[in-house]
Amino acid sequence: MPFEKVESSPDFPAMERRILKFWAEQDIFEKRKQLNAGKPKWSFLDGPITANNPMGVHHAWGRTYKDAYNRYFAMTGHDLRYQQGFDCQGLWVEVEVEKELKLRSKRDIEELVPGNVEASIDKFVHACKDRVNKFARVQTDQSIRLGMWMNWDTTDADWAKSPDERKSYFTMSETNNYTIWAFLKKCFAKKLIYRGYDVMPWCGRCGVGISEQEMKEGYKLVEHRACFVKLPLLDKPGENLLVWTTTPWTLTSNVGAAINPKLTYLKVKLKGEVYYLAKGVFKQDRMASSGGDEEGESTAKKGKREWLDGVPNLSSIEQMFKSKAGKGESYEIVGEVKGEEMLGWRYAGPFDELPAQQSEYGFPEEVAKIVQQNGWCPAVTGAAAHRVVSGGDDVSESEGTGIVHTAPGCGGIDFAWGKANGLPPVAPIGDDGCFHKGFGALEGKNAADPTTADAVFEELKKKDRLFGVERYVHRYPHCWRCKTELLYRLVDEWFISMGAAFDPANPQSPPGGYSFRAEIAKVTNEVTFLPESLNGRAREKDWLKNMGDWMISKKRYWGLSLPIWVDEKDPTDFEVIGSREELKERAIEGWTEFDGHTPHRPWVDKIVLKNPRTGNKMHRVPDVGNPWLDAGIVAFSTLPADWRPADFITESFPGQFRNWFYALLALSTMMSDGQPPFKTLLGFATALDQYGQTMSKTGGNSIEFVAAADDGGTVADAKGTPLPFKAIGADVMRWLYCRQNPASNLLFGPKPADEVRAKFHLKLWNCYSFFVNYAIADGFDPAAAQVPVKDRPDIDRWILSDLQELIRTARAAFERFDVMAFALAAEEFVDAKLSNWYVRRNRDRFWSKNAELDAAGLRDKLAAYQTMHTVLTTLCRLIAPCVPFFAEVLWQNLKAPGRPSRGFESVHLTDYPTVDESLVDAQLSDDTDALLTIVTLGGAARNAAKQKVRQPLAELRVYADADAARRAVNRFAEQITDELNVKAVTLVEAKPLRSTAKINMKTAGSKIGAKKKDVEEALKAADPDALAVKLRGGPVDLAGVLLDSADIAIEYVAADGWAGVVDRGTQVAIDARLTPELRAEGLSRDVIRFVQDARKNAGLDLSDKIVLSLSASSPELAAAIRTHREAIAAAVQATEWVEGPLPSAAHTAAVKVDGLELTIALQKV
RNA sequence: GCGGGUAUAGCUCAGUUGGCUAGAGCGCAGCUCUGAUAAAGCUGAGGUCCUUGGUUCAAAUCCAAGUACCCGCACCA
């Protein structure tokens, strides 16, 4: 028996698990690799997956692309690397490990082994490594379950090896880390590495600076309390500057007040005191969105500011003055002053009594030291430095008072203004986000804590410096990992200069010459970004243009150890080490302890070098590296030179233009002197839940991969109610991903999965099961000699021809990384062509009994089997890259075991199909398309005639403009009459339908008015068909009235007794009149239908013969049965027809045939 | 504010280089076939292809402006 019976309701996940076993046992993947060994290379570079948690379904999207394209290029004869990668290092992992170990701060980490920081770090780093190994293995198993063919590490022995020796790559491997060292050394050689002191966003919980890239991820709309503060002018008693801030804690570190010299400032008098503020802000509507602050552009297009529900609207500053004035009183504008006149005015700071304000060069001491060394300000204390400085155009009237509270230790631009004006920075908070000593009552308080703001307000009130407090809503950055509010903090971090072009004010940028940014941009021009609609190149270049220098340091534990060693006495003298060998050569202390360890903390920290210039010792900076260095180097650390550049990479694009794509381009540019790391990049969007909401664990609407693949689970609906769902399986997911437009977000969930399964998998399955079950019954031998295609009927040659077109589409689509185009075409083929036409039309050929067929009949039947076998096996190979399990299940049963040359072990060992041009018959395809249209129209005509298909009708008339349709009527007459149950089909030369035009008074009434009669006359005179054509072009003049297509309805009417429909140039009319003969035949068909139902209900098998008894009281029905007795008996396989009642064991049914009673009794013979 | 993208049926989306009366799935209404298939099929209703202007014999498609939404960048004192 060549085929095995096919179950009608398949359990796809269970089949997939069986196939996985089969692949493993038969070493199919190995065999595929051997087939391709030495063939042309196709180099895929995997973007590393973060090995920190089990996979979610969103991971499966990219991994489906990766596997599908890999498989396509394998089936087209390419040698592949099959190396997959894990992203291992960085804060992601640290945060999870902290949770596991219940640690709450960096101090907790350093106290893991009480009293021993070094042992603590070692323990923590090992915990991080363990977590990575654990989840890398989980993800490996899950990826295998998805059907992803890679060189996986599967055994305990594999996982016992070091990451460097495993098959997958790991960014924590020594190779990866040391390759980054080599990269940094090259940067150092070009003098791009520098140590920067700057105010950066800082996460107090994680104790790290947040780089520009990371900060983008964390903006959230939040409410803060903003305050207006009085700064009394020292030389103008009774007069104050009015400043505004959303971060009250920074007032402790106020050193200056910045104004815009070009602006005009008002002097507003209130209760005997004078306040200075910008003229433009005084009456401003502060709820209008910022921007458009130029005069004249005011009201027209101002949107409303983003705001939170429940927070009162901001009042204008004037309003505040009014309400502070009290009843019956008012403020008074007593003068104006140009901003430039205010420069240099001295004022009393809000917290001048704090010790921190009394420190020369700034505070704390470390900062003061650096400020002094760099000569950023004279020997002056914060308290003594308070004065009005220029902020230039950075001070605007769009927000606040036009006078900006300036704390150079607490804000990016403040720091720049401070340096420009010689103001000492006072830095109030430590790496935990809490106030240093020197800040009085605030010492130890966390700056982000709302009670800190309370304390500040209390202090200000005591001193009568608080003008007002308000609730304020704005977008504020948060830590992308732990969601803590970020604080701006003066830090000491390491940077790669991206070229000075965009920040001339930054004195630390190296002068002239090499611009890393520009070099990367050149490389970016050489790679292809897909899908085109995303304009990936433009996005990448936009990022390159705007990005600041790359902050590569993190004050953390688990990550790349930055290979930077600094002179113990001179913090500006440092060196970058480029390899393990160089380190060994240069080490004067610590090598023995380090040797045998990976280049991670704490062991690498033990190495001490000697400064060749000073003879001093050099120690490594404690920082670890930015994890995008880890992922960005992989084009070099993992791809051998003869596999570079990669042909293809694919990753979810949101964020990656500034992360992975950027890092790959940047590191490759430096490592290879301007060679691109890859040729083609396919970006894809984000997976959302089935209602279009972002998937999140807390929202309950994210789906874990294992749940989707095998286990089932629950997922929240649109209202958040958890609903159970059954396992979806890998291939339903994979097809869902393959058919998706990569540029748009994908809606994932049980509902879309059900749709896809019904639309594609089950349709194909049904065709396959139909074929196989009849092939078994008929003993079809796939090895039998082929009936020449030219001898097969039209319908066979048609589907083979369209199959070639599908192959053409498939190859073209894969070659341009557009698997969606293929998937949609394949669905169309399976649904419209294979299932709904070929199989439906050919059921008779498969049903026919061999014994009743002559030689020609047998040959025709064989042709049908061979055609369908070819279609199904070719489809298997076409879809194999997308749905490898499903294709394999079908293939295993369909492949021709009788013919060893084609009896491949696995569909994945076959070649991808190629187009056989000799099978393409374009005219046949056109004619069949026309046939399908005619049949559809015929069905519609039947609907219009209100005659069901079982009722035979006399004639169908077709009028057609198009040649293909005319040919189809003649060529496929038999199929048309059969499909539509008509006795004849005629191609007519005159249109069978009369068209009439009617006025739609509902829309046209008002236009026509009194001219109704004239218009009706004109309408009668006009040729409705010509009118219809004109209307398509635009409004038409009828008796002086302009009417458009909505005003005139063109209706098509058939002759009496007929019904018809029209589509484009084709008209179809059906004779709806029933003769007594047709009526009788229709009744007999109904009878057959009911008897078949009865057979089914009696539990009879397809091949069972019966004894039948039919009794009808209606003479009409009885006569119809008599007339068609032979046909009924044949259809229901009655070998004996009894007039009287059957024995009691018989199955009986009483039914109504078109209202006439019929009793059916039947018994198995 | 600067740059990019998108806008097609109630919803989710296809629509090649411009080509005849714009499609699918879901939902809705009506109907129907069936011994492969109710996890089905057919038919219908439902469209200002965002708006306006332009190019063209011809525009959902190309161009310009506008509107809305999304993304990136900048700003966020």
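Letters A, B, ... are given to chains in the order of the sequence lines, protein chains preceding strands, and every chain is numbered from 1.
- Mapped onto RNA chain B by nearest heavy atom, A/N535 and A/R658 fall at different nucleotides, with A/N535 at the one closer to the 5' end.
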Give each protein N/O atom lying under 3.5 Å from an N/O atom of nucleotides 10-19 of chain B, with the pair distance.
unit_1, atom_1, unit_2, atom_2, d
B/A14, OP1, A/N741, ND2, 2.5

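- Between A/W417 and B/A77, a side-chain N or O to OP1/OP2 separation shorter than 4.0 Å is absent.
- Taking every side-chain heavy atom of A/N766 into account, B/A36 is the closest of B/A36, B/G35, B/A39.
- Considering only the side chain of A/Q1092, B/G35 comes nearest among B/G41, B/G35, B/A77.
- Ring geometry for A/F467 against A/F228 counts as perpendicular: the plane angle is over 60°, on a 0 to 90° scale with 30° as the lower cut.
- No N or O donor and acceptor, one from the side chain of A/R840 and one from the base of B/U34, sit under 3.5 Å apart.
- Of the candidates B/A36, B/G72, B/A77, the closest approach to any side-chain atom of A/Y774 belongs to B/A36.
- Set against B/A77, B/U34, B/A36, the side chain of A/R950 has B/U34 as its closest nucleotide.
- Ranking B/U43, B/A39, B/G35 by closeness to the A/R757 side chain, first place goes to B/A39.
- A/D754 comes within 4.0 angstrom of nothing in the nucleic acid, heavy atoms only.
- Closest to the side chain of A/R1095, out of B/G35, B/C71, B/C33, is B/G35.
- Within the 4.0 angstrom heavy-atom criterion, only backbone atoms of the sugar-phosphate kind lie near A/W847; the bases stay farther away.
- Set against B/G72, B/A36, B/A77, the side chain of A/R843 has B/A36 as its closest nucleotide.
- Listed nucleotides B/A36, B/C42, B/A77 differ in distance to A/V839; the shortest reach to its side chain belongs to B/A36.
- Of the two residues contacting RNA chain B, namely A/E755 and A/V949, the nearest-nucleotide position lying further toward the 5' end is that of A/E755.
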**Request:** Go ahead and write out RNA chain B as dot-bracket, 5' to 3': ( ) for pairs within the strand, [ ] for ones crossing earlier pairs, | when the partner sits on another strand, dots for unpaired; Watson-Crick or G-U wobble, both distances under 3.5 Å.
**Result:** (((((((..((((.....[...)))).(((((.......))))).....(((((..]....))))))))))))....
**Item:** Evaluation steps, side-chain hydrogen bond (donor to acceptor under 3.5 Å, both in side chains), between A/Y488 and A/D414
**Value:** CA-CA 11 Å; A/Y488 284 84; A/D414 307 45; over 6 Å; no
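- The side chain of A/N836 approaches B/G41 more closely than any other nucleotide in the set B/A77, B/A36, B/G41.
- Taking atom P in both B/U16 and B/C62, one finds a spacing of 9 Å when rounded to whole Å.
- Of the candidate nucleotides B/A36, B/A77, B/G41, B/G41 has the atom lying nearest to any side-chain atom of A/D831.
- Here A/S769 does not reach the OP1 or OP2 of B/A36: none of its side-chain N or O atoms lies under 4.0 Å away.
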